[in-house]
Each structure stands twice: as C-alpha cells, then as structure tokens.
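Okay, so here's the structure we're looking at.
Order of the sequence lines sets the chain letters (A, B, ...), proteins ahead of strands, with each chain counted from 1. Quick caveat: nothing in here was measured; it's all calculated off a predicted structure.
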2 protein chains.
Amino acid sequence: MAETTAHNHDHVAGWAEYAAGRIKAAGHRRSSARDEVLAVIAAQECAITARDISSELARNGSEVGIATVYRALELLESMKLVQRVEVGQGVARFEPSMPDGDHHHHLVCETCEELVPFEDEGLERAIDRLAGKLDLKITGHDIVLHGQCSNCAN
Amino acid sequence: MAETTAHNHDHVAGWAEYAAGRIKAAGHRRSSARDEVLAVIAAQECAITARDISSELARNGSEVGIATVYRALELLESMKLVQRVEVGQGVARFEPSMPDGDHHHHLVCETCEELVPFEDEGLERAIDRLAGKLDLKITGHDIVLHGQCSNCAN
DNA sequence: GTGAATGCAAACTCTTTGCATGACT
DNA sequence: AGTCATGCAAAGAGTTTGCATTCAC
C-alpha cells in the first residue's frame, strides 16, 4: 500500500468541468462565483473547509462572499458532486466526488490536525459483510482514523 | 426498540462511581454539579449532547448551568472517561468510556437522525490489519454508518 | 482561608437566512 | 424581462470564556 497518497489530482482532473456541466444540466445558471468555487475545490488535495475556500478566493483577489461559498457547497452536496467530511473539529470539510465512486477515508493527525487520505479494500469488504449481517439498511459510511501523520510521527 | 436499549446499562454500571473516583484521584474537587452530570451520562443509552444533558438536569430540577456541563465534558474527555462522537450533525455527542475498552460504533438514521450502536469484530480486525499496513501511527478510529434504523426502514 | 468550580452572560465560531442588488438566459 | 444568484449583514446554533460568587478542602 505505498500508493495511498499519490493519487488525488488524477481523479480530480476535469472535476470542475464535470461539476459545472452537471449544474448547468440541472437547470442552474452559470456564474463566475460558482466557477471560482469549483476551481478552488478542484485544486485542493484533501477535504477543505468553507473558510479555506473563502480565504483562497480572497487571496486570488476574488470578491466571492462566504455565504455564496456555503450555498455552492450546499448545491454541490445535494447533487453528490462533493462529499461532506466531518472529523470532529467542529467544522465541515468538503472534497470533490466523482461519479466513478472513488472511495477513500481520512486519518486526522492528532498533532497538526492535518488530514491524510487513505483507502483500504479490506476495510470496505468488512463493511460490506457487516451490512449483510445487520438488519439495517446501510447507505454509506465514514471512517476516521486518529493518529500521527508521517511528519509528526517523529 | 426495546432490544437495543437493554444491553447498555450493564456496560455502564458503576461508570459514574469509577469516573468520580478517577476525577478525585486526579486532584480535582468533588462537586454536586459534576456528580449530577456524571449521573446523567451514566444513565444514557447512547451518545448524547451537552444540551441533552442540560435539559435532563433541568427536568430533574437541577440548576447546573450549561457551561458547567461543557466543562465537565471537557475534563472527562481529557481523562478519556467519555468519548466524543461526532456524526455530522454539527453537534458533539458524548458517551461513557470504560477502561476495559468496550468498543462500539454508530449508525445514524437518515430519516429520524437517531443513533444506533453496533459492534463488529470483523471491522475491528480490518482496522487492525490496516494499521499494520499504513506507516502511520494509529491511536483510534471512529466509524459512522449512514442508513435507516429498524423503525424507519419500513 | 485559599483556590478550584460554578453560574451567568458575553464572546466566538461556524453556518444559515432575509433582502435588496446585480447577472444570466 | 424575469428570475436566479450574489453580497452583505443579521440571525441562529453550538461552544468557550471572563468574572464575581460559592463551595470543597
């Protein structure tokens, strides 16, 4: 499992365009504010907060307000174009979600609070098996590991 | 849902006393406010919010303020006497944690938002195996399933 | 008596919403 | 032109903090 981290940009390539298309197709108008938000989300490595997006926009001279960021995220989440990730810091994080259902989870570094994505087939299988055993309908799952990232482990 | 409730109290039996002892041993003073919070936490079935605790206290005629509830929870969490559980509703939930490391996770019903606890050995094993594979130090994990509880499944 | 714990209220953070203005089709 | 989308500011929810008072030791 050495390839746990190196993958993100590939999956996300074209996400902004894809999302813009889906949004248009769903009957929503195209706007530069939304495009800017899409661009920032697409460029990120891992799940980011609304505030992250907003400051990144501000840093680029954009005048998009934070309310618009939240509204864009709300729309994107409702269309399953982003996935909301909460890791217990009291803030919601979001990351692009592609239709191919690329599936990963996160480790939260207890020292620097950074998020490290990982994926594991064994874990997904264990969840599938569990879903069969429980007599509950399971539609999704989130797994959050707590620990130390490679930077902070030393 | 008479089934799911029955087993929890066994695990939690004596938790309030145990926690009170640990708190005392750590050099903190004993107070009736803290005792009342401990009692409410011990009596709960699943992870509850600070507000839940506060209203339960109020219902019993207690005058413990919500700030005290938060401060008690902060202390308890720092001593690992409670575990914080966040399931993406924007609220922190807490549940008693025993030293024997009784370990369960939660399903969040997408319809009624209720929490259903579950445990699964296979899942725990998958996480242990994963911990071996990743070159990250893993100290804990949270798993949240999304789906329908037995009440809402119909 | 001393200092920790409490209660209240104010402050803070994250998120949502109302409303007038501006922009896309 | 008709709406949808935006930006601002205000409102809400959850949580934390400052400070005077109370209470445990």
Side-chain angles (χ1 to χ4, degrees), chain A residues 19-41 47-58 60-79 81-94 113, chain B residues 19-41 47-58 60-79 81-82 84-94 113 115:
Chain A
R22 289 270 319 272
I23 288 171
K24 183 81 176 292
H28 297 280
R29 294 183 178 171
R30 179 153 207 179
S31 77
S32 60
R34 222 135 52 185
D35 282 351
E36 291 172 50
V37 173
L38 291 182
V40 172
I41 296 175
I48 57 176
T49 67
R51 171 177 271 273
D52 290 337
I53 296 172
S54 189
S55 354
E56 179 65 13
L57 288 171
N60 298 355
S62 166
E63 312 228 313
V64 173
I66 187 111
T68 297
V69 173
Y70 276 107
R71 283 189 274 236
L73 288 170
E74 183 188 12
L75 175 63
L76 290 166
E77 188 188 8
S78 76
M79 300 185 65
L81 291 167
V82 298
Q83 199 195 341
R84 177 190 295 250
V85 175
E86 308 205 19
V87 294
Q89 309 166 144
V91 246
R93 293 178 168 271
F94 302 85
E113 303 239 301
Chain B
R22 288 271 318 273
I23 289 171
K24 184 82 177 292
H28 298 281
R29 295 181 179 175
R30 179 155 206 179
S31 78
S32 59
R34 218 129 63 178
D35 282 351
E36 291 172 49
V37 173
L38 291 182
V40 172
I41 296 175
I48 57 176
T49 67
R51 171 178 271 271
D52 291 338
I53 297 172
S54 190
S55 355
E56 179 65 12
L57 288 170
N60 298 354
S62 165
E63 313 227 314
V64 174
I66 188 115
T68 298
V69 172
Y70 277 107
R71 282 188 275 234
L73 288 170
E74 183 188 12
L75 175 62
L76 289 166
E77 188 188 7
S78 77
M79 299 184 67
L81 291 167
V82 298
R84 177 190 295 249
V85 175
E86 307 204 19
V87 294
Q89 308 165 145
V91 243
R93 294 177 167 271
F94 302 85
E113 304 238 302
L115 256 58

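Look at CD on B/E74: it is 11 Å from C1' on D/dT17, rounded to the nearest Å. Look at CD on B/E36: it is 16 Å from P on C/dA5, rounded to the nearest Å. Computed from coordinates, the B/I23 CD1 to C/dA5 C1' distance equals 12 Å when rounded to whole Å.
When all heavy atoms of B/V37 and B/A72 are compared, the pair lying nearest together is CG1-CB, 4.0 Å. Summarising the geometry of B/A19 relative to B/L76, their closest heavy-atom pair is CB-CD2, 4.4 Å, with the distance given to 0.1 Å.
Under the rule for a salt bridge (charged side-chain N to carboxylate O under 4.0 Å, His left out), B/E74 has no partner lying at least two apart in sequence or in another chain.
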Q | Summary of protein contacts for nucleotides 5-15 of chain D, nucleotide by nucleotide, where a base hit scores B, a sugar-phosphate-only hit scores S (4.0 Å, heavy atoms) | A | SBBB-----SB

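A/S55 places a side-chain N or O within 3.5 Å of a backbone atom of A/R51 that can act as its donor or acceptor partner.
For residues 25-37 of chain B, the set of pairs meeting the salt bridge (charged side-chain N to carboxylate O under 4.0 Å, His left out) definition, not counting sequence neighbours, comprises B/R30-B/D35.
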